[in-house]
There are 2 protein chains.
Amino acid sequence: MAEELRLPAREALRIDEVLIALGHPVRLRVVRTLADGREMACRDILPDMTKSSASHHWKVLRESGVIHQRREGRCLRTTLRRDDLDARFPGLLDAVVNG
Amino acid sequence: MAEELRLPAREALRIDEVLIALGHPVRLRVVRTLADGREMACRDILPDMTKSSASHHWKVLRESGVIHQRREGRCLRTTLRRDDLDARFPGLLDAVVNG
DNA sequence: TCGATGGTTCGAGTTGATTCGAACCGTACA
DNA sequence: TGTACGGTTCGAATCAACTCGAACCATCGA
């Protein structure tokens, strides 16, 4: 049963929280990994990190609105919220990915 | 004698360092204060902070390439490096200022 | 039903960033 | 000269963030 996790609406995205989320090398790497629009399983994105540490970063990215996660079975499928981020902060993601 | 402080060239700007610089409320406030293009004295931007703490933030902002500082007498005049940031990361500053 | 799996939560330890005072440096001005 | 001023640097203290293991929960497959 595919269920959605709570996450901020597009209008509620805050640039200060997004910048904090992006201001860490691990999370920046996550964003770049997802930049092509793929939907990936958590363990495929951060395979070398302990579950608890990874979960901490998922939470920061999710609550700041950078990523979307959807439960499929016992696995979380993760995508970048590119549409929402581009709508609210045009150019930001491009800078992150291309820079 | 107006002398320039060392700072990274436009081509050397790194998005990861810029994001770290912007991912702190004090430094984000500095950027927003300078967003209109003004050149301001340090003590006018962060009047309530001790000199040593403020100097720490100047260093982070300067070395990441977010701000430019120019010595004029015994005072530092600070400006946002809008041209360089817009050239390398189009849309980033607008998101920071308008978001 | 049972064991394995993917993630979360909790608490504690560790690391890193921020903050501050004191000492210092160079400039301006009396 | 000498003194006041704007910033930097240093070291130490504080605080926030990151990390990890253990316990836990829900789901899937046997």
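Below, all heavy atoms of this structure are taken into account, side chains as well, without hydrogens, waters or symmetry copies. The chains referred to below are lettered A, B, ... by the order of the sequence lines, with proteins before strands, and numbering in each begins at 1.
- Remark: C1' of D:dA22 and NZ of A:Lys51 are 10 Å apart, rounded to the nearest angstrom.
- Remark: the A:Ser53 side chain and the A:Thr50 side chain contain an N/O donor-acceptor pair separated by less than 3.5 Å.
- Between B:Ser55 and D:dT8 there is a side-chain polar atom (N or O) within less than 4.0 angstrom of OP1 or OP2.
- Atom-to-atom, CD1 of B:Ile45 to C1' of D:dG7 comes out at 13 Å; the value is rounded to the nearest Å.
- Distance check: B:Arg43 CZ to B:Cys75 SG gives 5.5 Å after rounding to the nearest 0.5 Å.
- For the pair A:Arg43 CZ and C:dG6 P, the interatomic distance rounds to 5 Å; values are reported in whole Å.
- Atom CG of A:Leu61 is separated from atom P of C:dT8 by 12 Å (rounded to the nearest Å).
- B:Ile67 CD1 to B:Leu61 CG: the interatomic distance, rounded to the nearest 0.5 Å, is 4.5 Å.
- Comparing B:Arg27 and B:Arg74 along DNA chain C, the residue whose closest nucleotide (by nearest heavy atom) sits nearer the 5' end is B:Arg27.
- Paired with B:Glu39 under the rule side chain to side chain donor-acceptor pair (under 3.5 Å), one option of B:His68, B:Arg70, B:Gln69 passes, and it is B:Arg70.
- Residue-to-nucleotide proximity on DNA chain D shows that, of A:Gly23 and B:Ser52, the 5′-proximal contact is made by B:Ser52.
- Across all strands shown, B:Arg77 has no heavy atoms under 4.0 Å from either base or sugar-phosphate atoms.
- Distances were taken from every side-chain heavy atom of A:His57 (C-beta onward) to each of C:dG21, D:dT19, C:dG7; the shortest belongs to D:dT19.
- Between B:His24 and D:dA16, a side-chain N or O to OP1/OP2 separation shorter than 4.0 Å is absent.
- Rounded to a whole Å, the NE2 atom of B:His56 is 15 Å from the C1' atom of D:dA13.
- Residues B:Arg27 and B:Ala21 share a closest heavy-atom pair of NE-O, 2.8 Å.
- Atom pair A:Gln69:CD and C:dG7:P shows a separation of 8 Å (rounding to whole Å applied).
- The residue among B:Asp48 and A:Arg62 whose nearest nucleotide of DNA chain C is located toward the 5' end is A:Arg62.
- Each of D:dT8, D:dC20, D:dG7 was ranked by its minimum atom distance to the side chain of A:Ser53; first place goes to D:dC20.
- Between the CD atom of A:Glu17 and the C1' atom of D:dA16 there is a distance of 16 Å, given to the nearest Å.
- Between the P atom of D:dT9 and the CH2 atom of B:Trp58 lies a distance of 15 Å, rounded to the nearest Å.
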